[in-house]
A.B. asks: 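Pasting a structure below so you can have a look.
In what follows, chains carry the letters A, B, and so on, assigned in the order in which the sequence lines appear, proteins first and then strands, with residues in each chain numbered from 1. All values below come from the heavy atoms of this structure, side chains included, with hydrogens, waters and symmetry mates left out.
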Amino acid sequence: MSSQRYAAIRLYKELHRLGRDYPNPKYEFHRKLRSMYEKNSHLTDPHEIEQKLALGEYIKRETLSLISLAKYREMKRRYG
Amino acid sequence: MFPTARNLLRASSRVDINVLVPIKRCIDYAVKIRVNPDGKGVDTTVKHSMNPFDEIAVEEAIQLRDTKNKGLVESITALTIGPQKATDTLRTALAMGADKAIHVQVGDQHNVEPLQVAKTIKHFIDRDKYELVLMGKQAIDGDENATGQMLAGLLDCGQATFASELKLADGKATVTREIDGGLETVEGNLPMIVTTDLRLNEPRFASLPNIMKAKKKPIETIKEADLPVDLTNRLETIKVAEPAQRSGGQKVDSVDEVVSKIKEQGLI
């Protein structure tokens, strides 16, 4: 379904943008992101794709809070 | 309604507030700082981002406009003094929700000092009239914690530093400040300078559509030479040194050994 295709691309762009600010540079966020997308690129079942998109949204939310938390902790460590 | 004196006062005190948010482009908090071989500066070819305290200031301005004091804030302007690349930092502020931005362009290696920064901010306040200046308490690179205070001095207006809560009402600002071991609440008339502490809010992350929209928002670029303020530094950096390395520990096998080692060090 093409709407799911666009949703997946949009999610990829957002995750890619978030990956730039991932607190630990050794984590290779972008490489992992790409390999996960490649692994699921053959999926055709709309229901299954929906599940993967939901997982992606979940990762996006978790990464966002991870970034804010890492920043807050570092600031708190430095300035109290 | 009959215009009693009290109503008139209330109507006149409901002014539209223009917020100015001065921000700084700093080396990103997650980057390990490396001192240059000449020992007079740090490696600046690394990732930069907006100073985290300034992010908090931008977020607070947006919250004042969108939720806390709906209809009271007329505009939010971000201001930065920095090299050409500082435009990215302004775009981040615009993507978070600021309305417009001003960029004072200076040379790549020019670290402008707090007094000159404060004078520049004053120049724009005199030119455009802002009722509230929200800024980070300090930048994570220079750690000077001075610009806000100097600006309040130059403008001869109130200042509330280390803000952990901010309320606007009837032309007054009520600020809760973080002080040693507690909180202090102060109130003052606008215009006022508020510098933000860590716990004021949680800054948002600009979403991709907003980043795209921010590319269309206006940025006014001004060259250092066109500014009526002299930005020449008065201080020269003589030496930058890394913090002392941690000396390694020792492994011991038994409790007795621990005790003897501690005694050796003269700790008990």
A.B. asks: Can you say whether Ile211(B) sits under 4.5 Å from chain A via the side chain, the backbone, both, or neither, judging by heavy atoms?
C.D. replies: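 It is the side chain, since no backbone atom gets that close.
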A.B. asks: Supply the atom-to-atom distance Leu198(B) CG to Glu74(A) CD, rounded to the nearest 0.5 angstrom.
C.D. replies: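 With rounding to 0.5 Å, CG (Leu198(B)) is 11.0 Å from CD (Glu74(A)).
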A.B. asks: Quick one: does Arg10(A)'s side chain have a donor or acceptor within less than 3.5 Å of a partner on Leu208(B)'s backbone?
C.D. replies: no
A.B. asks: More than 12 heavy atoms of other residues, nucleotides or ligands under 6.0 Å from CD of Gln250(B): is that the case?
C.D. replies: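 Counting neighbours around CD of Gln250(B), 12 or fewer heavy atoms of other residues, nucleotides or ligands fall under 6.0 Å, so no.
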A.B. asks: Donor-acceptor pair, Lys47(B) side chain versus Arg20(A) backbone, under 3.5 Å?
C.D. replies: yes
A.B. asks: Taking side chain as everything from C-beta outward and backbone as N, CA, C, O, which of these in Glu178(B) sits under 4.5 Å from a heavy atom of chain A? Side chain, backbone, both or neither.
C.D. replies: neither
A.B. asks: Can you tell me which portion of Asp21(A) sits under 4.5 Å from chain B's heavy atoms? Options are side chain, backbone, both or neither.
C.D. replies: both
A.B. asks: Can you confirm whether Pro52(B) sits close enough to Tyr72(A) that some side-chain heavy atom of one is under 4.5 Å from a side-chain heavy atom of the other?
C.D. replies: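 Of all side-chain heavy-atom pairs linking Tyr72(A) with Pro52(B), none is under 4.5 Å.
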A.B. asks: If you draw a 6.0 Å radius around NZ in Lys217(B), do more than 12 non-hydrogen atoms from other residues or ligands fall strictly inside?
C.D. replies: yes
A.B. asks: Would you mind reporting whether Lys71(A) and Glu202(B) have side-chain heavy atoms less than 4.5 Å apart?
C.D. replies: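 Not touching, per the 4.5 Å side-chain cut-off.
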A.B. asks: Checking Glu14(A) against chain B: side chain, backbone, both or neither under 4.5 Å from a heavy atom?
C.D. replies: both
A.B. asks: For a quick check under 3.5 Å, do Tyr79(A) and Asp197(B) share a side-chain donor-acceptor pair by atom type?
C.D. replies: no
A.B. asks: Can you see which heavy atom on Ile67(A) is nearest to which on Tyr29(B), and at what distance?
C.D. replies: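 In this case the closest contact between Ile67(A) and Tyr29(B) is O-OH, 3.9 Å.
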A.B. asks: Can you confirm whether more than 12 heavy atoms, excluding those of Lys68(B), are under 6.0 Å from its NZ atom?
C.D. replies: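 Above 12, so yes.
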A.B. asks: Are there over 12 heavy-atom neighbours, none belonging to Arg73(A), within less than 6.0 Å of that residue's CZ?
C.D. replies: no
A.B. asks: Answer yes or no: are there more than 12 heavy-atom neighbours, outside Glu57(A) itself, under 6.0 Å from its atom CD?
C.D. replies: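 Atom CD in Glu57(A) is packed in, count exceeds 12.
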A.B. asks: Hey, does Ile140(B) have a side-chain heavy atom less than 4.5 Å from the side chain of Met75(A)?
C.D. replies: yes
A.B. asks: Between Pro23(A) and Ala30(B), what is the shortest heavy-atom contact and its length?
C.D. replies: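 Shortest heavy-atom separation between Pro23(A) and Ala30(B) comes out as O-CB, 4.0 Å.
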A.B. asks: Does atom CZ of Arg177(B) have more than 12 heavy-atom neighbours from other groups under 6.0 Å away?
C.D. replies: yes
